[in-house]
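In each ligand, atom 1 is the first atom listed, and ligand 1 is the first ligand listed.
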Amino acid sequence: MTAYNLTFQPYRRRFRQPLQTHHGIWEVREGIIVKLVDELGNAGWGEIAPLPWFGSETLEDAIAFCRGLGEKIEVNDLKSIPSHLPACQFGLECAIPSVASNPNFPKARYSYLLPAGENALERWESLWQQGGRTFKWKIGIHSLQQEIPLFEKLARSLPEGAKIRLDANGGLNLEAAKTWLQGLDLSKKVEFIEQPLPPSELDAMVQLSGDFTTPIALDESVATLQQLEGCYEKGWRGIFIIKPAIAGSPQQLRQFCQQYGIDAVFSSVFETEIGRRAALNLAAELSNPNRAIGFGVNHWFD
Ligand SMILES: O=C(O)CCC(=O)C1=CC=C[C@@H](O)[C@@H]1C(=O)O
Ligand SMILES: [Mg+2]
C-alpha cells in the first residue's frame with residue numbers, strides 16, 4: 001500500500017481589480033498548495049481552491065481536513081475523502097505523483113472574462129489583440145435598464161467572429177431572464193447565457209431552454225459532482241459549466257463526462273498554475289472541443 005508524506009501551504013492572491021458578480025465583490029483568491037512525496041521520493045503537487053458560494057467547502061474546512069490527515073497518509077485516505085470536501089478531493093488526488101503533460105491550448109480556445117459593467121468596453125480589445133475570440137461578461141449586477149444597453153454597445157463594438165457569453169450567476173428572476181432571452185434570440189450574438197436563475201429554479205431553466213433558442217449553461221447548479229449527477233438525472237441536457245477544481249475527484253468526473261457525453265465547458269476558479277495545469281489537462285480530455293474553455297482569467301492577476 002503506497003504511503004505518502006503530506007505537506008501543505010495556504011496562499012492568498014489579490015485580484016488586480018475586485019471581481020464583481022451577483023454573488024458580491026471578490027478581492028482575494030485564497031487556497032492551499034498540497035505536496036505528496038511517495039516512498040521513492042517522487043513528488044507531486046495539487047491545489048485546493050474552495051469556492052464556498054458555489055457549494056464547495058470553505059478554506060477553513062479544507063485546512064482543518066489537511067491538518068487532520070497528518071503527515072503520513074495512505075492511498076485509502078485519498079480515496080475516502082468525503083464528498084462534502086470536493087476541492088480537497090480534487091487537490092489531493094491531483095497531488096499523487098505522476099507524469100502529467102503540459103496542456104497546450106491556443107489563445108482562441110480560451111474564453112476571456114471581462115470586467116462587469118462598462119469597463120468591459122475598454123478591456124476586450126487588448127484581449128482580442130492577444131488572440132482571444134470568446135468573451136464572457138457578467139450580468140445580474142446592475143438593472144436590466146443599465147445592462148441591456150451596455151450589452152448592445154459591447155456586442156456592436158466586438159469584431160465579426162467574436163463570441164459573447166453572459167453570466168448572471170443566478171442573479172436574474174424569471175421575468176428578467178425572459179427579457180434577456182427574447183433580445184438575445186433576435187441578436188444571435190451570444191453563445192450562451194450562464195446560470196440565469198438560482199440553482200433552486202432548475203425546472204424553470206429547463207422550460208426556458210425549450211422556449212428560447214439562445215442556449216443556457218448551468219454553472220452554480222452543477223458545481224459539485226453530486227449536483228452534476230442530480231441535474232442530469234432531473235433531465236438537464238443543455239450546457240454544463242464544469243469547474244474541475246471544485247467538482248470533486250477527477251477520476252469520478254472523467255467517468256461521468258465520458259459515460260454521458262455531456263456538452264461540457266470547463267472553467268477556472270482562478271486557481272494558481274498548479275491547479276490550472278491539472279484542470280486544463282482534464283479540459284483537454286473532456287471539454288467540448290467546439291467551445292472555448294473558461295480559463296482566460298490570468299489577466300485578473302498581476
Ligand atoms: O468561466 C470563465 O469563463 C471564467 C471563470 C468564471 O467566470 C468564474 C469563476 C469563479 C467564480 C465565478 O465568479 C465565475 C463564474 O461564475 O463562472
Ligand atoms: Mg459562471
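For the pair L59 and I48, the minimum side-chain heavy-atom distance is 4.5 Å or more.
Residue pairs meeting the ring pair (Phe, Tyr, Trp, His ring centres under 6.0 Å) criterion with at least one member in residues 96-115, sequence neighbours excluded, do not occur. Identified under the ring pair (Phe, Tyr, Trp, His ring centres under 6.0 Å) test for residues 120-169, with sequence neighbours left out: F151-W180.
Taking the charged nitrogens against the carboxylate oxygens, D219 and K243 do have a contact shorter than 4.0 Å, which makes a salt bridge. Ion pairing between a basic and an acidic side chain is recognised when a charged N comes within 4.0 Å of a carboxylate O; R165 and E191 show such pairing.
Taking the centre and axis of the six-membered ring of F301, the NZ or CZ atom of R13 falls inside the cone set by 45° and 6.0 Å.
Evaluated for a side chain to side chain donor-acceptor pair (under 3.5 Å) with N169, the options H22, E194, K138 yield exactly one hit, K138.
Side-chain N/O atoms of S126 and Q129 include no donor and acceptor closer than 3.5 Å.
Distance check: S111 OG to F266 CZ gives 15.0 Å after rounding to the nearest 0.5 Å.
Closer than 4.0 angstrom to ligand 1 lie heavy atoms from L19, T21, L51, F54, L113, K136, K138, D167, N169, E194, D219, K243, S267, S268, F270, G294, V297.
Taking distances strictly below 2.8 Å, the protein N/O/S atoms close to the Mg ion (ligand 2) are D167 OD2, E194 OE2, D219 OD2.
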